[in-house]
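Just so it is clear, the structure is predicted and the values come from calculations on it, not from any experiment.
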Amino acid sequence: MSGLLKLMPVLFLALFIFSASGQFIASINCGASDVVHDLNLITWTPDNTLISNGDARKVPSINSLSTVLDTLRVFTSRKKNCYSIPVTQGDKVLVRASFNYGNYDGLSNPPTFDLHFDGNFWAMVKTTIRGVVMSEITYVAKGDVISVCVAQTRPGQFPFISALEVRRLDSKIYRELDNNRALLLSSRVSFGATENLRYPYDTYDRIWGYPAALLDTVVRNDLSSVDTTKAPNNPPSEVFQTAITTDNSSEFGILLATVTPDNPIYANMYFSEVSSLSFSKRVSRIYYLGPRSDTDRWLTLPFSPPYGSVLVQYLYNYTVNTTRQIYMCRTQDYYLQPLINAMELFQISEVLTDGTNSNDVIALSLLQSKFDVLRGWSGDPCLPAPYSWDWLNCSNDATPRVISL
Ligand SMILES: *[C@@H]1O[C@H](CO)[C@@H](O)[C@H](O)[C@H]1NC(C)=O
Ligand SMILES: *[C@@H]1O[C@H](CO)[C@@H](O)[C@H](O)[C@H]1NC(C)=O
Ligand SMILES: *[C@@H]1O[C@H](CO)[C@@H](O)[C@H](O)[C@H]1NC(C)=O
Ligand SMILES: *[C@@H]1O[C@H](CO)[C@@H](O)[C@H](O)[C@H]1NC(C)=O
């Protein structure tokens, strides 16, 4: 009996790691030389076998954030430098890139540069003197390799990268997303939480942060566990341990988001009632603040968060033509102010490129296999324009051709 008891924890751990390994496509610790296992049970591999260009650097210990974020790879040559990661075509991938400048070069000059994925523009990365900058994107892989590139855009500002993570999401997660667009994460928060939550609590290693300054009232769930099995997007049950509400003097309820006209948004809002309510019910709806004459001021029907389980409200492809604030408020005839447990806010990208003409891509890789000097170039050869590989020129078509070498 005692032998069995001793075995159990080991067995559990092994099952745990095994069942999750499918989600972990890559955890790359850029600029590192050794494998690192972190406190979240994530195994990080160094990047020296994945990329030949760039220099490994380390931030001074005074600016240390974590073992993984303290090393980086900086690129002082080439228009763009790319990491290529094998996936399965059709995988829904979550890709997260982290940048910790930490004054590694002693110049107190955090660079700004561009980030690309699979030949698409992803983001302009503005690094800061202190702290990490992260970008996260989710999309369906069109091929069996994905690429993430950094590209220099300003003289003397050399792109670098500290960590690159690729996770596989179940295809049912964010099911509203079509296969030809990407979701760019704006925020993912667990209201009332006091620390970040990620793997192993979140199966897919999504990071649930918390708002820095909270004006609202935090409330705790009576229940130690909430049934999330039927909830869309498989949120971790831990995010339902806390929620925020607002006091009765609040006229508008809770401010959920400020939306600008730049891109359509996708918002997922997660609700679970925190106490069993006998006769008064909490009924809320989501609306935007606008002129009274606006007919589509209400964005949802009235709803009540269920006790012990989860309700998700979402807005997909919501666009505004002037900056608007989205609120949640109680409906008039009920006492209790609204509550919300968690929220994810994304921008929906433009239609993604299919990349450079596929015959040209095949011809180039044959060429690369014959000439050593051409190896080490990866990512899309032409896209996004004008960030082609340095040794070729491309046409300006939507599906570009290589026109000269
Ligand atoms: C708001 O007022 C109602 C009725 O007076 C009360 O039951 C409720 O607890 C109040 N809510 C808050 C958040 O103060
Ligand atoms: C959003 O809606 C507009 C107008 O209906 C449509 O043209 C566009 O393709 C939609 N975008 C997405 C991401 O579904
Ligand atoms: C903004 O969109 C609304 C409908 O969604 C439309 O009635 C209004 O004319 C638009 N305003 C501008 C300035 O385009
Ligand atoms: C690409 O085009 C530019 C401008 O026409 C030219 O100067 C350069 O030599 C070309 N590069 C290659 C690799 O053909």
Side-chain angles (χ1 to χ4, degrees), residues 21 23-61 63-87 93-107 110-111 113-118 122 125 127 132-136 141 143-152 157-168 205 364-365 368-381 387 389-391:
S21 61
Q23 269 68 264
F24 283 70
I25 296 175
S27 306
I28 303 167
N29 184 4
C30 306
S33 39
D34 298 309
V35 170
V36 174
H37 305 276
D38 73 9
L39 294 174
N40 300 309
L41 307 177
I42 299 168
T43 301
W44 296 83
T45 51
D47 65 344
N48 43 16
T49 57
L50 295 168
I51 197 154
S52 50
N53 204 23
D55 301 312
R57 305 294 295 271
K58 199 169 191 324
V59 307
S61 53
N63 293 329
S64 169
L65 291 181
S66 72
T67 312
V68 169
L69 293 175
D70 287 356
T71 57
L72 58 92
R73 181 172 295 269
V74 60
F75 302 97
T76 54
S77 64
R78 300 184 184 177
K79 276 192 276 185
K80 69 175 175 191
N81 282 277
C82 304
Y83 289 81
S84 290
I85 295 145
V87 296
V93 292
L94 180 155
V95 186
R96 189 160 50 218
S98 303
F99 309 89
N100 174 28
Y101 171 64
N103 202 17
Y104 77 87
D105 54 3
L107 300 175
F113 48 87
D114 278 0
L115 186 61
H116 306 153
F117 73 102
D118 296 6
W122 172 351
V125 180
T127 63
V132 63
V133 173
M134 275 190 189
S135 269
E136 184 191 298
D144 51 13
V145 172
I146 62 161
S147 68
V148 173
C149 313
V150 288
Q152 185 174 350
Q157 304 203 13
F158 298 123
F160 71 87
I161 182 163
S162 308
L164 181 61
E165 299 159 76
V166 184
R167 310 293 182 236
R168 182 183 289 113
D205 193 28
L364 286 171
S365 74
Q368 286 183 297
S369 67
K370 296 219 162 63
F371 297 97
D372 272 353
V373 292
L374 303 182
R375 283 189 197 147
W377 293 85
S378 69
D380 192 277
Y387 297 96
W389 294 352
D390 293 12
W391 45 279

* Tell me, yes or no, whether the heavy-atom count around Leu39 atom CG, taken from other residues, nucleotides or ligands under 6.0 Å, exceeds 12. => no
* Looking only at atom types and distance, does a side-chain atom of Asp390 sit under 3.5 Å from a main-chain N or O of Lys79, one as donor and one as acceptor? -> yes
* Asked: Would Ser147 and Asp380 count as having a side-chain donor-acceptor pair, cut-off 3.5 Å?
  -> no
* Indicate yes or no for a side-chain donor-acceptor contact from Arg375 to the backbone of Gln368 under 3.5 Å, with no hydrogens or angles considered. => yes
* Quickly, which of Thr127, Val150, Asn81 forms a side-chain contact (heavy atoms from CB on, under 4.5 Å) with Phe160? Name it, please. => Thr127
* ring-ring contact (aromatic ring centres under 6.0 Å, His included) partners for Phe75, two or more places apart -> none
* Structure fact -> Heavy-atom nearest pair, Asn53 first then Ser77, reads ND2-OG, 3.3 Å
* **Donor-acceptor contact present, side-chain Lys80 to main-chain Tyr387, <3.5 Å** => yes
* To do: With rounding to the nearest 0.5 Å, note down the distance linking OG in Ser378 to CD1 in Ile51.
  => 6.5 Å
* To do: Apply side chain to side chain donor-acceptor pair (under 3.5 Å) to the pair Asn29 and Thr71, showing each step before the final yes or no.
  => CA-CA 7 Å; Asn29 184 4; Thr71 57; 3.0 Å; yes
* Asked: In chain order, what residues pass the disulfide bond (SG atoms under 2.5 Å apart) check against Cys30, with sequence neighbours excluded?
  -> none
* Verify, without hydrogens or angle tests, whether Ser98 (side chain) and Leu164 (backbone) share a donor-acceptor contact under 3.5 angstrom. => no
* Asked: Can any side-chain N or O of Asp70 pair as donor or acceptor with the backbone N or O of Lys58 at less than 3.5 Å?
  -> no
* **Closest non-hydrogen atom pair between Ala163 and Val68, with its separation** => CB-CG1, 3.9 Å
* Structure fact -> Those residues at least two apart in sequence (or on a different chain) that pass salt bridge (Lys or Arg N to Asp or Glu O under 4.0 Å) with Arg167 are Glu165, Asp205
